[in-house]
Amino acid sequence: MTSLEWLRGRDVLGTAGLDRENLDALFASARRMRSIVKDRGGTDLLRGRVLANLFYEPSTRTSSCFVASMTRLGGSVIPISEVRYSSVSKGESLRDTVRTLEAYADVIVLRHPEEGAAKIAADAAKKPIINAGDGPGEHPTQALLDLFTIREELGRLDGLTVTLLGDLKHGRTVHSLAKLLALYGGRVRYVSPEAVRMPDPLVAELRGRGLAQSEHRSLDEVVADTDVLYVTRVQKERFASEDEYAKAQGSYRVDLATVARMKEKSCIMHPLPRVGEIDEAVDDDRRAAYFRQVENGMYVRMALLAAVLGSPA
Ligand code: ASP
Ligand code: CP
């Protein structure tokens, strides 16, 4: 079985089970998808296949990226991005909702505010579920596109020093990314407001996987030898009160002075949306990779959808 065949019919709930071989194969496929899109806009690999895009939380990128990816593969999409206009607002359970959608679709992409929701959906459904973010849990397709972006920006994944800045407690993207980085033997540095530190159980789990980790009081301590600066926003919607959010918010900002201290060959990433953590003046620096990261998401999700639906490129 090739590495892409391994994905056929699988749920993608987190990063577990992905290894370097699967990732290499997926990234090679993403590069082929990029060529296809650049040369002719798309392909009909998934003609006749249907994706249900079920979003219980706001999204700009992930939601529209899955629509674009499926469309460029020749498939079609059932978009449910406003669950309040669906029967969810009548009290229908997640389980019943996915069992209904799988009657119409071949794959379900789910974003939900509760950690573990993707697993509940996968247990209820026979068709593959792709987790597009489950509360503060995981966001595996973001981690895939993040890793692909690092590889394309820096030309390697092994032995990098990656600084994760921001809300490391609630940030699902950093949870998933750190797990994948553990496969490549680098160092990860954590810089966060005190209230939103990387959770201890996750730090212990990553230690068990051999990831070298350290925590730092400020970005100043680590910025000069960072290869990848991965910035995140404080996840306002995860706080119990405005007061608690206010305590964690606004204590860091990446600006041109920060960037001036970075290595020539390094990159700045952000899953977006940003709400002030990166000064817009930074956008013109060639190390600012966050909009290339957005574009890469489409090639990676095209590769993933084609593999999960059994027609890899
Ligand atoms: N868009 C990412 C997520 O949904 C990051 C964020 O919202 O800050 O997890
Ligand atoms: N990166 C990301 O998940 O963005 P959205 O929340 O806009 O989907």
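Note that ligands are numbered from 1 as they come in the structure, with each ligand's atoms numbered from 1 the same way. A quick note: this is a predicted structure, and the numbers were derived from the prediction, not measured.
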Would you say [X]'s side chain and [Y]'s backbone share a donor-acceptor pair under 3.5 angstrom?
X	Y	answer
Asp167	Gln235	yes
Thr226	Leu229	no
Lys127	Ala105	yes
His175	Lys169	yes
Thr62	Ser59	no
Glu102	Lys126	yes
Ser35	Arg31	yes

- [ ] Give the atoms of ligand 1, by number and element, whose distance to some non-hydrogen atom of Pro273 is under 4.0 Å.
- [x]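 Answer, ordered by atom number: 1 (N), 6 (C), 7 (O).
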- [ ] Would you mind listing which atoms of ligand 1 come within a distance below 4.0 Å of any non-hydrogen atom of Thr173?
- [x]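 Matching atoms, with element in brackets: 2 (C), 9 (O).
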Which residue holds the protein heavy atom closest to [atom], what is that atom called, and what is the gap in Å?
atom	value
atom 2 (C) of ligand 1	Leu272 O, 3.7 Å
atom 1 (N) of ligand 2	Pro271 O, 2.8 Å
atom 2 (C) of ligand 2	Thr62 OG1, 3.4 Å
atom 4 (O) of ligand 2	Arg61 NE, 3.0 Å
atom 7 (O) of ligand 2	Thr60 N, 2.7 Å
atom 7 (O) of ligand 1	Arg233 NH2, 2.8 Å

Open item on the list: At under 4.0 Å between heavy atoms, is it the side chain or the backbone of Glu57 that contacts ligand 1, or both, or neither?
Closed with: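 It is neither; nothing of Glu57 touches ligand 1.
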Open item on the list: Check contact between Gly171 and ligand 1, using heavy atoms of the residue and a distance below 4.0 angstrom.
Closed with: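 False for this residue.
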Task: Within-shell test, Thr232 vs ligand 1, heavy atom, strictly < 4.0 Å - done: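 Outside the 4.0 Å threshold, so no.
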Open item on the list: Looking at ligand 2, is there an atom of it that comes within less than 4.0 Å of some heavy atom belonging to Arg111?
Closed with: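 Arg111 counts as a contact of ligand 2 under the 4.0 Å cut-off.
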Open item on the list: Show the atoms of ligand 2 that are less than 4.0 angstrom away from any heavy atom in Gln142.
Closed with: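 Listed by number with element: 1 (N), 2 (C), 3 (O).
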- [ ] Output the list of atoms in ligand 2 that are nearer than 4.0 Å to some heavy atom of Leu272, sorted by atom number.
- [x]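 Every atom of ligand 2 under 4.0 Å from some heavy atom of Leu272: 1 (N), 2 (C), 4 (O).
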TODO: Salt-bridge test for Asp227 and Lys263: reply yes if a basic N is under 4.0 Å from a carboxylate O, no otherwise.
DONE: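 Salt bridge between Asp227 and Lys263, a charged N being under 4.0 Å from a carboxylate O: yes.
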Task: Sub-4.5 Å side-chain heavy-atom contact between Tyr56 and Leu94 - done: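 With C-beta onward as the side chain, the pair touches.
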TODO: Mark yes or no: Arg8 above the aromatic ring of Trp6, with NZ or CZ under 6.0 Å from the six-membered ring centre and no more than 45 degrees from the axis.
DONE: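 Not satisfied by the 6.0 Å and 45° rule.
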Geometry only, no angles: is [X] polar-contacting ligand 1 at N/O separations under 3.5 Å?
X	value
Pro271	no
Arg111	yes
Arg172	yes

Open item on the list: Test ring-ring contact (aromatic ring centres under 6.0 Å, His included) on His170 and Phe239; report intermediate values, then the result.
Closed with: CA-CA 9 Å; His170 306 108; Phe239 286 79; 4.8 Å; yes
